[in-house]
Amino acid sequence: MGVNLRDILIVENTTIQRFAGQIMLVDSHNILYQFLSSIRQADGTLLRDSRNRVTSHLNGLFYRTLNLMGEGLTLAFVFDGSPHRLKHQTLRARMAVKEKAKEEWKVALEKGDMERARSKARQTSRLTKEMLDEARHLLRLMGLPYVQAPSEGEAQASHMNRKGDAYAVVSQDFDSILFGAKYVARNLALSGRRKLPDKRVWVNAPPEMIDARQSLENLGLTRGQMVDVALLIGTDFNPGIKRIGPKTALKLIRKHGDIEAVLEAKGLEIPELEELRGIFLCPQVTDDYTLRWGDMDGEGMIEFLCEEHDFSRGRIERELDKYTIRQSKRAQKTLDSFFG
DNA sequence: CATTCCCA
DNA sequence: TGGGAATGG
């Protein structure tokens, strides 16, 4: 997913508290997808309510969001619009992977291999329109604003970040750097525990931040050149060029200046090059939004989560209390700092 | 993923 | 007390 730019960007470890008091724009699709793939039972099945509706995404969104708010982060969310024409190939490929994983999940279950079952189940994750509607509903109850992107959510979030409407974009993907975000925050989870792929080892994944300007200056590239590097490697919108990874792509763009020169020198071609560049450099975004934070509707949340989706009332009330207490402690701290 | 449970 | 296992819906 996204472009593999990790190896060439400067990714620095940080803390949640680092972002206290800042407006953070969350890539909703990215975060919800993570919840959907990770909040599962041992055999890989999703959490569901008594009417068989999936609740894993709400579970994750509720706890994660409340926790981050409790740490003083000001959250706003961006939802994807319709995908770009050139993304369809990737989306189809992903769908095929999911179908295959579904079968492998079933096989693993029959063999009693729970480890593999869970891992395959994760790969079948698919965000439905209903899940997205429910997520937006929960956000409304939490008093958090969300923006509907015309197309790519990451493009919209990066645009807003660039304009100064938010401090950073929250996403696991590195694409936001290409879309022009100033800062990208990753692993914004409280526990920071992440499973190593294909291993049964859990490692601590600390929050990370990428400073776009710092990374670009360090590489001696403009954002346009960075986009060219990405297009050589391959993005969600193009397959890239065989045997060219981050390191080689970087070397080539440095040597030749831009992708045209690279392709010329290598006798290669990338179809719809200008269109591809435009996706990142002149992205389809909107300025027709307002970020407006409201009060949390505790009663509404209990109604929605507990009565509607079977969450335990006591559990939700306890979390809301904890949040309130943390908030008042933060407020007290702020007051204290004013009076020395 | 985040919390709770449970036992050393 | 605390960290792995179980649970959540």
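We name chains A, B, ... by the order of the sequence lines, and we start the count at 1 in each one.
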Which part of the nucleic acid, if any, lies within reach of [X] when heavy atoms closer than 4.0 Å are counted: base, sugar-phosphate only, or nothing?
{"X": "A:Arg53", "result": "nothing"}
{"X": "A:Thr55", "result": "sugar-phosphate"}
{"X": "A:Asn59", "result": "base"}
{"X": "A:Ser50", "result": "nothing"}
{"X": "A:Leu46", "result": "base"}
{"X": "A:Arg64", "result": "sugar-phosphate"}

In whole angstrom, give the distance that lies between atom [atom1] of [X] and atom [atom2] of [N].
{"X": "A:Met114", "N": "C:dA5", "atom1": "CE", "atom2": "P", "answer": "17 Å"}
{"X": "A:Phe62", "N": "C:dG9", "atom1": "CZ", "atom2": "C1'", "answer": "13 Å"}
{"X": "A:Gln41", "N": "C:dA6", "atom1": "CD", "atom2": "P", "answer": "13 Å"}
{"X": "A:Leu68", "N": "B:dA2", "atom1": "CG", "atom2": "P", "answer": "8 Å"}
{"X": "A:Leu188", "N": "B:dC1", "atom1": "CG", "atom2": "P", "answer": "13 Å"}
{"X": "A:Asp321", "N": "B:dT3", "atom1": "CG", "atom2": "C1'", "answer": "16 Å"}
{"X": "A:Ile39", "N": "B:dT3", "atom1": "CD1", "atom2": "P", "answer": "11 Å"}
{"X": "A:Phe311", "N": "B:dT4", "atom1": "CZ", "atom2": "C1'", "answer": "16 Å"}

Which pair of heavy atoms, one from A:Phe280 and one from A:Arg223, lies closest together, and at what distance?
->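 Taking every non-hydrogen atom into account, O-NH1, 3.3 Å.
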
Enumerate the residues from residues 313-320 of chain A whose closest heavy atom to DNA chain B is under 4.0 Å, giving them by residue number; use none for an empty result.
->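 Close to the strand are A:Arg315, A:Arg318, A:Glu319.
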
Short N-O contact, A:Lys100 and A:Glu103, less than 4.0 angstrom =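 The answer is no: the pair does not qualify as a salt bridge.
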
Between A:Arg18 and A:Glu12, is the closest basic N to carboxylate O distance under 4.0 Å?
->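 So A:Glu12 does not pair with A:Arg18 through a salt bridge.
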
Same hydrophobic cluster for A:Trp293 and A:Tyr289, using side-chain heavy-atom links shorter than 4.5 Å among ILVMFWY?
->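 As far as the 4.5 Å side-chain criterion goes, A:Tyr289 and A:Trp293 are connected within one cluster.
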
Between the side chains of A:Asp173 and A:Ser171, is a donor N or O closer than 3.5 angstrom to an acceptor N or O?
->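 A:Asp173 vs A:Ser171: no donor-acceptor pair found between side chains.
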
Side-chain H-bond candidate by donor/acceptor type, A:Asn161 with A:Ser158, under 3.5 Å =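 Result is no, nothing qualifies.
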
Residue-phosphate contact under 4.0 Å: A:Asn67 side-chain N/O, B:dC1 OP1/OP2 |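 So the side-chain polar atoms of A:Asn67 never come under 4.0 Å of the phosphate oxygens OP1 or OP2 of B:dC1.
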
Report yes or no: is the cationic atom of A:Arg136 (NZ for Lys, CZ for Arg) under 6.0 Å from the centre of the six-membered ring of A:Phe79, at an angle within 45° of the ring normal?
->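 Relative to the ring axis of A:Phe79, which defines the angle, A:Arg136 lies inside both limits.
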
